[in-house]
Amino acid sequence: MKLKRYTDTGFKAATALLLPTALILSFTVSDYYIFNRIGEFNFVFVFSQWVKKAGLLLLPLAVFYKKKSCADIAKYILPPFVILSCILFGKFFDVTMLTGASNADEVYAHINEFIPKAANMALYFIQCALYLAICAYLFVRDGYKVNGKSFIWLPFAFIACMPLNIFENFFDINNIPANSFLRFKNFTLWHFLAILILAGFTIGSYYFLKNKTKEKQHQFLAAAAIVLLIQYHSKDSIVMGDGYNVYRTVFACIPLFICNIGVYVACISVFLKKRVLYAIAFFVHAAGAVSVFVYFGKDEMSNYGIFCSYSILYFCLTHCLLFALSVMPTALGHYKYRHKDCIIPLVYYFAVIILASISSALVSSASMEFTVTTPSGKYTLDGYSGWDDKLCEWLRPNYAFTQINPLPFEVPMWKLTIWRYDLNALYILGLYAAYVGIFYAMNGAYFAFLAIRKKVLKKASEPQIAIRLSTEAASETAVTDEHTTDKTDEEEKV
C-alpha cells in the first residue's frame, strides 16, 4: 500500500515537472517555428510535436483528475509519436532568427535567443523521457484494457492544442495589401465576428455545463484552463520568432499585461477553488477581456494580420477562454459574488498598474544601452534614428498599456521620470480610473441581470402556483362532496 502511494506521488511529481519543462521550451524560437513551415521540416516530426502539445492536456487530466478517457488516449497515442520526435528532429535545434536580413533583426535575435542550443536539446529529451515514463505509469495503474469510446475525445484534444500558426502555411502575409478586406482592423466584419464569437463561446459553454454535476463542471473548467495555459505560452516562441502583433522581443512575454496576469489568476482560481481568486478574476479580468474586444486600440499601433493569422487567432481564443473562466464559476454557482468582494480586486489592480508602469520604464531605460556586436558591426538601440528600413527603437513593452495610449486622443503630460524614461503619470492614473469604471459597469450589469432574472422567474412561477392551488382546492371540494354524498346515502337507508 505504501509502495503504491509512493509511486502515485512520484508520477504526480513527474507530471508536475513536465509542465515547467514545456514552459521553458516555449522560450525557444524552434518550439513553434516549425508549425508554419511544414515544408521545411519532416511532416511526421511536425505532427509528432503537435501530438506532444495535446499530451500536455491529456496527461494532467489523466494523472491529477484521474480521467480514464484521457489516460486511455495518452498511453496508446503518445509513446510512438514521442519516439518519432526523438529520431526525426533533423535541423529543429538549429533554428535561429540570426538571418542577417537587417541589423534590427540581428539585435532582436541576440536578445531573444538566450537559451543555448545544448540546454534546448537537454530539456527537449528530458521532456520526452517524462512523457514516456508517465505513459508507462498509466499502463501500470490502469492496465492494458481501454474503452473504445475514450478515443472520441482525441480530435477535441488535437483541436484544443492546435498550433494556431499552422494556417500560415497557406498564405504569405507579405503578399496581402495593407488595405485588403482580409486584414483585421477595428470595426470591420472580422471585428464584429470576434465579438459574436466571444458571446457565443461563453453562452454555449454555460449551457453545455449547467446540467452537469459540480465535479464534471470542475473537470471541464480545469481542461479549459490547461488549454488556455498551453495556447498562452505558444506566444513566447512566436514573439521571439515571427513576432506577435507589434511585439518582437522576449520582454513582451513577461506577464504584466492585465490579461496576461488574468490567465494565471483565472486558471489558478479554477485549480485551487479559492474565493479571493474567483473575485479577482470575475471583477477585474472578465471586464478586461471584454474591453479589448470592444476596441483593439488604434489601427496604426496594431498588426493582427488577416483573419486567420496567428496574432488574431491567438488573441480571440485566449481572451474567449479567459472571459469564460472568469465568469463561469459564478454563473454555475461555484462562487457567489458579493458587493464587498471588489475591495481586494481594486487593490490588486492598483498594484498591477504600479508594477507595470515601473517595469515598462525600467525595460525602456535599460534598452537605451543595449549594445550588440553582429557580423556587420557593433550596434546600439538608438530610438527612432535607426539603422535601416526597419527602425530599431528603444524597447517599449507597454505593460498594461501604461506607455502607449491606445485611445484616439492625447492626454496632457504629467512627467514622472523613472531612470531614463519619462512616464505620463496623469495618463496612468486616468487609465486606472477608466478601467475601474469598466469593472463597476460590468459588476452593475451582472447584478442588474440577476434582478431581472429573479423578476422574470417570479412572474413565470406565479401562474403555476395559482394552478397548483386551484387544483388542490378542487381536490378538497371533491373529497368534501364525496363525503357529503356518502352521509346522505346512509341517512336515506336508515
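Reckoned from all heavy atoms, side chains included, excluding hydrogens, waters and symmetry mates.
Ser364 places no side-chain N or O within donor-acceptor distance of the main-chain N or O of Ala361, the cut-off being under 3.5 Å. A donor-acceptor pair is defined here as one N or O able to donate and one able to accept, closer than 3.5 Å; such a pair exists between the side chain of Ser26 and the backbone of Leu23. Counting only distance, with no hydrogens or angles, the side chain of Asp422 and the backbone of Leu416 share no donor-acceptor pair below 3.5 Å. No donor-acceptor distance shorter than 3.5 angstrom exists from the side chain of Glu168 to the backbone of Phe35, with no hydrogens or angles considered.
A donor atom on one side chain and an acceptor atom on the other are not found under 3.5 Å apart for Asp242 and Asn165. A donor and an acceptor atom, one from each side chain of Tyr446 and Thr330, are nowhere located under 3.5 Å apart.
Here NZ of Lys67 is found 12.0 Å from CG of Leu58. Values are rounded to the nearest 0.5 Å. Residue Ser48 holds its OG atom at 9.5 Å from CZ of Phe43, rounded to the nearest 0.5 Å. Between the CZ atom in Arg396 and the OH atom in Tyr247 there is a gap of 10.5 Å [rounded to 0.5 Å]. Distance check: Met240 CE to Tyr32 OH gives 12.0 Å after rounding to the nearest 0.5 Å. Interatomic distance, CD1 of Ile353 versus CG of Leu256, reported as 10.5 Å (0.5 Å rounding). Separating the OG atom in Ser30 from the CG atom in Asn120 is a distance of 4.5 Å, to the nearest 0.5 Å.
Ring centroid separation for the pair Tyr124 and Phe93 comes in under the 6.0 Å cut-off. Checked against the 6.0 Å centroid threshold, Tyr304 and His191 do not count as a close aromatic pair. Between Phe439 and Tyr349, the distance separating the two ring centers is shorter than 6.0 angstrom. Checked against the 6.0 Å centroid criterion, the rings of Tyr264 and Tyr232 qualify as a close aromatic pair.
The shortest non-hydrogen separation linking Ile38 to Asn169 is N-OD1, 3.1 Å. When all heavy atoms of Ala222 and Phe271 are compared, the closest pair comes out as O-CE2, 3.9 Å. Between Thr249 and Asn112, the closest heavy-atom pair is CA-OD1, 3.1 Å. When all heavy atoms are compared, the tightest approach of Phe114 to Pro116 is O-CD, 3.4 Å.
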CA sep, side-chain torsions, deciding dist, call: Phe315, Phe296, ring-ring contact (aromatic ring centres under 6.0 Å, His included)
CA-CA 10 Å; Phe315 178 90; Phe296 284 78; 5.0 Å; yes
Before you tell me yes or no, could you show the steps for Phe167 and Tyr310 under side chain to side chain contact (heavy atoms under 4.5 Å, CB included), namely the whole-Å CA-CA distance, both residues' side-chain angles and the distance that decides it to 0.1 Å?
CA-CA 8 Å; Phe167 299 103; Tyr310 172 84; over 6 Å; no
Checking side chain to side chain contact (heavy atoms under 4.5 Å, CB included) for the pair Tyr435/Leu431: CA distance, chi angles, key distance, verdict?
CA-CA 6 Å; Tyr435 264 105; Leu431 182 70; 3.8 Å; yes
Given side chain to side chain contact (heavy atoms under 4.5 Å, CB included), test Phe81 with Tyr131 step by step and report yes or no.
CA-CA 10 Å; Phe81 287 102; Tyr131 272 120; over 6 Å; no
Step-by-step ring-ring contact (aromatic ring centres under 6.0 Å, His included) determination, Phe220 to Phe208
CA-CA 10 Å; Phe220 275 104; Phe208 175 74; 5.1 Å; yes
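Ring geometry for Trp190 versus Phe181: interplanar angle of 30 to 60°, hence tilted.
No option in Val63, Leu61, Leu154, Leu59 other than Leu61 meets the side chain to side chain contact (heavy atoms under 4.5 Å, CB included) test with Cys70.
A cation-pi arrangement is found for Arg37 relative to Tyr33, the charged atom lying closer than 6.0 Å to the ring centre and inside a 45° cone about the ring normal.
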